[in-house]
Amino acid sequence: MIKRYVFGTPLETDAVLNKPAACRDKPPYLGKCENALIYKMDGEDIVYGLGENVRGMNKRGWIYESNCTDDPVHLEETKSLYGAHNFILVSGEKQFGLFLDTPGKVVFDIGYTNSSQLKITLEDGDYELYIIDGGTPDDIITWFRELIGPSYLPPKWAFGFGQSRWSYASSAEVRQVAARYRENHIPLDSIYLDIDYMERYKDFTIDREAFPDFEQLVEDMKQQGIHLVPIIDGGVKIEDGYDVYEEGVKNGFFCKDEDGDDFVVGVWPGKCHFPDMLDEKARAWFGDKYKFLLDKGIEGFWNDMNEPAIFYSEKRLKKVFEKLEEYRKMNLDVNTFFEFQDLVSTISKNPEDYRSFYHTYKGKRIRHDKVHNLFGYFMTRSAGEAFERLEPDKRILMFSRASYIGMHRYGGIWTGDNKSWWSHILLNLKMMPSLNMCGFLYSGADIGGFGADATQDLVMRWMALGIFMPLMRDHSARGTRRQEAYAFEDIEAFRGIIGLRYRLLPYLYSEFMKAALKNEMYARPLGFVWPEDRIARRVEDQLLIGESIMIAPVYEQNAVGRTVYLPEEMKLLRFHGQEVTEQRVLPAGHHFLEIPLEEVVLFIRKGCLLPLASGGENVEQVDWNQLKLYGFAEKGDSYELYDDDGVSPHVILEENLRRIVLK
């Protein structure tokens, strides 16, 4: 059952496609106090959701802010990340979902101030509230996903392994990366281009000195089964003669300041304007710009810096320089020194700047902070709608850094600029179910970590988790240690783990597509399947992937293995590289398992099957027809495999299913 409540005069976000009539009765479960909603939590209640966020699958004990924020150094104390996903699911004696549809800032205090109280505070009193209840957690998720519309479907090649780095600065370097993967027979389907491919960091341009043969490079990579995936940023460089800038100014397509002038901010290219992604005409104009790269053979993109990230605003920078002149003449004691530090450290992402520019949204002028969480969503929507016009019969890869519920229909997300920290492996795992709940199935983290220097064992352990994520990409920052799979001493181990991804692809793709087309989850917490098992409900470092398997990756440095909890009898499958080296049934309970760096262990549920392919060096080489079945099942048991051409966006579930029977 879904109930919708309307408070004030909320802005339409287009997050919900299928709105029920508004209710006039009092919302169940919640008390109301000014601009806050309050729920008294039971001791056994688990609070799931909030999409991309820090801490655990169970969100109790901390305070979270839905406020899209560029924060690469996210710690346990972090309150907001790149996405704003206002959906939670309370699972206990009462079970219900709650979605707050509002584009402004929302604070979720989930037992932080008061351990038994969930308090949701809204900056704006105009919002829509949806309450979903009357079933299991899986039922609630499916009903919510039916409410917000279908999840984005990427092309099949986008389930292969991708290599990225901020610093692939020339055609020659891209060719070298591809050559190193191919000569070492490490599977690869994509190479990502960060801002280095652009001419002076300008969207929809190519640096012809560094990439003189861009079109030929795209074609040559395709001949090797590798797709190039360029980045697109949220700011347009101010530069005379630059067509995107001049068209935007001429047509009034940029965000305005309080005086009605085009708002000026600093991002990668220096001074920029933000396209008004919320204005329908500007959004269509910006989306059509992707044609520049589509026409060169590009079939995938990633949108970045679209919270939107602000290095500085022109007005704020002026104020800071003036104040710095005062400090230069002073003897800085402890107080004035801290003031000086705060002044400089708050140049970027300053709240004052986000209150200083305006959008035209559905015919009305509105200040940015009131709709802040929609910018990244609508930027990716601009691309998704353009692809429907420009490439109506082809799936184009698209994922974004910033997002709001609703964007899941147009693209996936990666979880932003993380670090080469062991804790971020576990954070990657914990985010997955929460993202799935909000419709973001095609998602993953930067394997190996974006910032800081990675170690071989960290990257290898992260790969052992990453092979199960829909988006599998190794990405790192300029100036950090190289972390391509061939950059470490044990290339054979990396070849084996990444190769295993390609053996698993028929199962992973099948489970993803079934989840997307049936509005279900791809990655689930154990408590969803074993709600009566108090231990399973509290497990935070294991995941169910699809219907058949459970994973329990190692995420601690120097660990030789880990303890795994089995809620029921399961079959262990151990892989050394791509080969199965052990199969055995384990009883329910806790088990310590040794898991060497080069090995991957998974668990097959009773009565279930896992189809494995023979592998390949790209997705096209994987044979979906010659599969070997492993399972904890009996002869005659079957698995329902989904497969399609991997290209068409127009798919029907039943037409692409076939049953594989264990003989």
Are more than 12 heavy atoms, taken from residues, nucleotides or ligands other than [X], located less than 6.0 Å from that residue's [atom1] atom?
X	atom1	result
Lys222	NZ	yes
Glu209	CD	no
Lys291	NZ	no
Glu215	CD	yes
Glu492	CD	no

Where is the tightest heavy-atom contact between [X] and [Y], given as atom of each residue plus distance?
X	Y	value
Ala309	Asp70	CB-OD2, 3.8 Å
Gly300	Ile298	O-CG2, 3.2 Å
Glu598	Ala493	CB-CB, 3.8 Å
Glu540	Met57	OE1-N, 2.7 Å
Pro269	Lys237	O-NZ, 3.2 Å
Asn184	Arg495	O-NE, 2.7 Å

Any ion pair linking [Y] and [X] (charged N to carboxylate O, less than 4.0 Å)?
X	Y	result
Arg208	Glu199	no
Asp194	Arg478	no
Glu385	Arg381	yes
Arg180	Glu484	no
Glu173	Arg175	no
Asp474	Arg165	no
Asp288	Arg389	yes

Heavy-atom distance under 4.5 Å between the side chains of [X] and [Y], does that happen here?
X	Y	value
Asn306	Thr380	yes
Leu641	Leu627	yes
Ser190	Trp157	yes
Ile497	Ile467	yes
Met469	Asn428	yes
Arg481	Phe488	yes
Leu188	Ile226	yes
Leu610	Leu629	no

task: Would you please classify the geometry between the Tyr181 ring and the Tyr486 ring as parallel, tilted or perpendicular, with 30° and 60° separating the classes?
output: perpendicular

query: Does a donor on one side chain sit under 3.5 Å from an acceptor on the other, for Asp623 and Ser614?
result: no

Polar contact flag, side-chain donor to acceptor under 3.5 angstrom, Ser171-Asp213: yes

Side-chain ([X]) to main-chain ([Y]) donor-acceptor, under 3.5 angstrom:
X	Y	value
Asp453	Thr480	no
Glu391	Phe387	no
Arg55	Glu76	yes
Glu52	Ser434	no
Thr69	Asp71	no
Ser510	Tyr507	no
His475	Phe450	no
Glu299	Leu294	no
Arg395	Leu153	no
Asn618	Glu620	yes

Taking the six-membered ring for Trp, are [X] and [Y] ring centroids under 6.0 Å apart?
X	Y	result
Phe159	Phe512	yes
Trp166	Trp302	no
Phe286	Phe204	yes
Phe301	Tyr290	yes
Phe399	Tyr152	no
Trp462	Tyr555	no

Identify all side-chain donor-acceptor contacts of residues 542-550 below 3.5 Å with residues at least two apart in sequence or on another chain.
residue : atom : partner : partner atom : Å
Gln542  : OE1  : Tyr565  : N            : 2.9
Gln542  : NE2  : Tyr565  : O            : 2.9
Ser548  : OG   : Leu609  : O            : 2.7

message: Would Lys156 and Tyr509 count as a cation-pi pair here, with the cationic atom under 6.0 angstrom from the ring centre and within 45° of the axis?
response: yes

- request: Report yes or no: is the cationic atom of Lys202 (NZ for Lys, CZ for Arg) closer than 6.0 Å to the six-membered ring centre of Tyr242, at no more than 45° off its axis?
  value: yes

Got a second to check how far [X]'s [atom1] is from [Y]'s [atom2], nearest 0.5 Å?
X	Y	atom1	atom2	result
His74	Ser423	NE2	OG	8.5 Å
Ile413	Met398	CD1	CE	13.5 Å
Asp645	Asn656	CG	CG	8.0 Å
Glu599	Glu582	CD	CD	8.5 Å
Arg401	Leu81	CZ	CG	11.0 Å
His85	Met437	NE2	CE	13.0 Å

query: Would Glu239 and Arg200 satisfy salt bridge (charged side-chain N to carboxylate O under 4.0 Å, His left out), going step by step from the backbone distance to the final call?
result: CA-CA 10 Å; Glu239 180 179 285; Arg200 298 192 304 281; 2.7 Å; yes

Which donor-acceptor pairs under 3.5 Å do side chains of residues 440-448 form with protein atoms, sequence neighbours excluded?
residue : atom : partner : partner atom : Å
Tyr442  : OH   : Ala158  : O            : 2.6
Asp446  : OD1  : Trp414  : NE1          : 3.4
Asp446  : OD1  : Arg473  : NH2          : 2.9
Asp446  : OD2  : Trp414  : NE1          : 3.3

message: If you apply the rule side chain to side chain donor-acceptor pair (under 3.5 Å), what do you find for Tyr197 with Asp207, and how did you get there?
response: CA-CA 6 Å; Tyr197 82 94; Asp207 182 346; over 6 Å; no

message: Before you tell me yes or no, could you show the steps for Thr455 and Asp457 under side chain to side chain donor-acceptor pair (under 3.5 Å), namely the whole-Å CA-CA distance, both residues' side-chain angles and the distance that decides it to 0.1 Å?
response: CA-CA 6 Å; Thr455 59; Asp457 56 342; 2.5 Å; yes

